[in-house]
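Computed from a predicted model, the values in this text were never measured in an experiment.
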Amino acid sequence: MSDKPSVLFVCVKNGGKSQMAAGLMRHLAGDRIDAHSAGTRPGTALNELSMASLDELGIDLADEKPKPIDPDLLRTVDLVVTLGREAQVEPVAGVRIINWDTDEPSDRGIDGIERMRLVRDDIETRVRHLLAELDLPTS
């Protein structure tokens with residue numbers, strides 16, 4: 001582990017929530033943290049509405065794509081954050097794993113970009129709390 005904290009955000013497809021979390025972390029913390037994302041069963045494309053909701057904040061993930069968990073990266077990060085109830089990561093010695101059971105507005109009949117904004121805002125709040133826990137102020 002380096003002096004700079006590193007976090008791996010994981011969801012199932014790595015097309016929405018974990019990409020959002022990593023993008024928000026990089027946006028808020030800049031180069032003070034290494035933020036990565038991956039999926040347990042990666043899809044083939046990023047969720048367009050997720051990316052549109054981030055674009056509203058000036059966060060561009062056009063260069064990102066869904067990817068699987070890199071075992072070497074998994075062994076070297078300081079923290080793994082799973083997003084949602086379905087993503088499961090096998091424990092690795094010395095690596096803390098936490099779960100964010102993120103808001104799911106579709107359970108309340110909220111869909112489309114409104115749903116994505118609510119998911120984004122929930123994840124952003126959690127990222128800000130994590131930054132405070134790591135003692136890294138937001139930009």
Side-chain angles (χ1 to χ4, degrees):
M1 288 184 256
S2 71
D3 290 336
K4 186 190 308 189
S6 57
V7 179
L8 173 62
F9 295 99
V10 177
C11 66
V12 174
K13 293 184 179 180
N14 189 226
K17 292 177 181 179
S18 58
Q19 292 280 357
M20 292 173 85
L24 286 159
M25 178 66 80
R26 287 189 292 267
H27 179 72
L28 294 169
D31 63 359
R32 294 169 293 162
I33 193 164
D34 287 329
H36 308 274
S37 71
T40 56
R41 293 187 312 272
T44 58
L46 299 182
N47 180 297
E48 289 184 28
L49 290 175
S50 293
M51 299 311 104
S53 74
L54 287 178
D55 192 50
E56 293 174 347
L57 301 180
I59 302 170
D60 180 12
L61 297 184
D63 293 337
E64 294 292 333
K65 63 180 181 178
K67 54 200 159 294
I69 296 171
D70 176 338
D72 293 330
L73 177 65
L74 182 61
R75 286 189 294 275
T76 62
V77 295
D78 298 302
L79 175 66
V80 173
V81 178
T82 58
L83 291 100
R85 298 175 189 139
E86 296 176 17
Q88 301 291 318
V89 176
E90 289 296 318
V92 175
V95 178
R96 184 174 154 216
I97 299 175
I98 63 172
N99 177 261
W100 290 350
D101 192 4
T102 54
D103 181 35
E104 187 42 71
S106 62
D107 291 344
R108 301 186 305 277
I110 302 170
D111 291 309
I113 192 66
E114 183 181 1
R115 171 184 174 261
M116 282 303 146
R117 287 177 182 137
L118 291 168
V119 170
R120 175 201 66 203
D121 293 348
D122 178 49
I123 293 172
E124 181 178 5
T125 298
R126 293 168 187 268
V127 165
R128 287 181 183 277
H129 287 148
L130 179 57
L131 286 169
E133 177 185 318
L134 297 172
D135 199 25
L136 292 172
T138 59
S139 54

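- Contact annotation: the side chain of Ile123 approaches that of Val127 to within less than 4.5 Å [non-hydrogen atoms, C-beta and beyond].
- Looking at Leu24 and Leu57, their side chains come closer than 4.5 Å, going by heavy atoms from C-beta outward.
- Taking 4.5 Å as the limit, every side-chain heavy atom of Pro42 sits out of range of all side-chain heavy atoms of Lys67.
- Asp34 is not listed as a side-chain neighbour of Pro5, based on a closest heavy-atom distance of 4.5 Å or more.
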Yes or no on salt bridge (Lys or Arg N to Asp or Glu O under 4.0 Å) for Asp103 and Arg126, after CA distance, side-chain angles and deciding distance?
-> CA-CA 11 Å; Asp103 181 35; Arg126 293 168 187 268; over 6 Å; no
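- At a threshold of 4.5 Å between side-chain heavy atoms, the hydrophobic network of Ile, Leu, Val, Met, Phe, Trp and Tyr places Leu28 and Ile98 in one connected group.
- Checked by atom type and distance alone, the side chain of Asp78 pairs as donor or acceptor with a backbone atom of Ser6 at under 3.5 Å.
- Contact detail for Arg120 and Leu54: the closest heavy-atom pair is CG-CD2, 4.1 Å.
- Heavy atoms only, all atoms of each residue included: Val10 and Leu8 are closest at CG2-CG, 3.7 Å.
- Linking Ile, Leu, Val, Met, Phe, Trp and Tyr whenever their side-chain heavy atoms come within less than 4.5 Å leaves Leu118 and Met20 in two separate clusters.
- Checking side-chain atoms of Asn47 against main-chain N and O of Gly15 turns up no donor-acceptor pair under 3.5 Å.
- With rounding to the nearest 0.5 angstrom, the SG atom of Cys11 is 14.5 Å from the CZ atom of Arg85.
- By the side chain to side chain donor-acceptor pair (under 3.5 Å) test, Asn99 is found to be paired with Thr82, residues two or more places apart in sequence or in another chain being considered.
- Taking each heavy atom of Gly84 and Thr102 in turn, the nearest pair found is N-OG1, 4.1 Å.
- Distance check, rounded to the nearest 0.5 Å: CD1 of Ile110 to CE of Met116 gives 12.0 Å.
- Distance check, rounded to the nearest 0.5 Å: CG of Leu46 to CD of Gln19 gives 5.0 Å.
- Here the shortest heavy-atom pairing between Arg26 and Ala35 reads NH1-O, 2.9 Å.
- Between Arg117 atom CZ and Leu49 atom CG the span is 9.5 Å, to the nearest 0.5 Å.
- Annotation: salt bridge (charged side-chain N to carboxylate O under 4.0 Å, His left out) contacts involving residues 46-55, sequence neighbours excluded, are absent.
- Between Thr44 and Pro66, the closest side-chain pair of non-hydrogen atoms is not below 4.5 Å.
- Counting only residues at least two apart or in different chains, salt bridge (charged side-chain N to carboxylate O under 4.0 Å, His left out) contacts with residues 13-25 comprise Lys17-Glu104.
- The two residues Ser18 and Ala38 make their nearest non-hydrogen contact at OG-O, 3.5 Å.
- Grouping the Ile, Leu, Val, Met, Phe, Trp and Tyr side chains by contacts below 4.5 angstrom, directly or via other members, places Leu73 apart from Val12.
- Under the 4.5 Å side-chain criterion, counting only non-hydrogen atoms from C-beta, Leu134 is not in contact with Arg32.
- The nearest pair of heavy atoms linking Met51 to Gly16 is CE-O, 4.4 Å.
- Taking the side chain as every heavy atom from C-beta outward, Met25 and Leu130 approach each other to under 4.5 Å.
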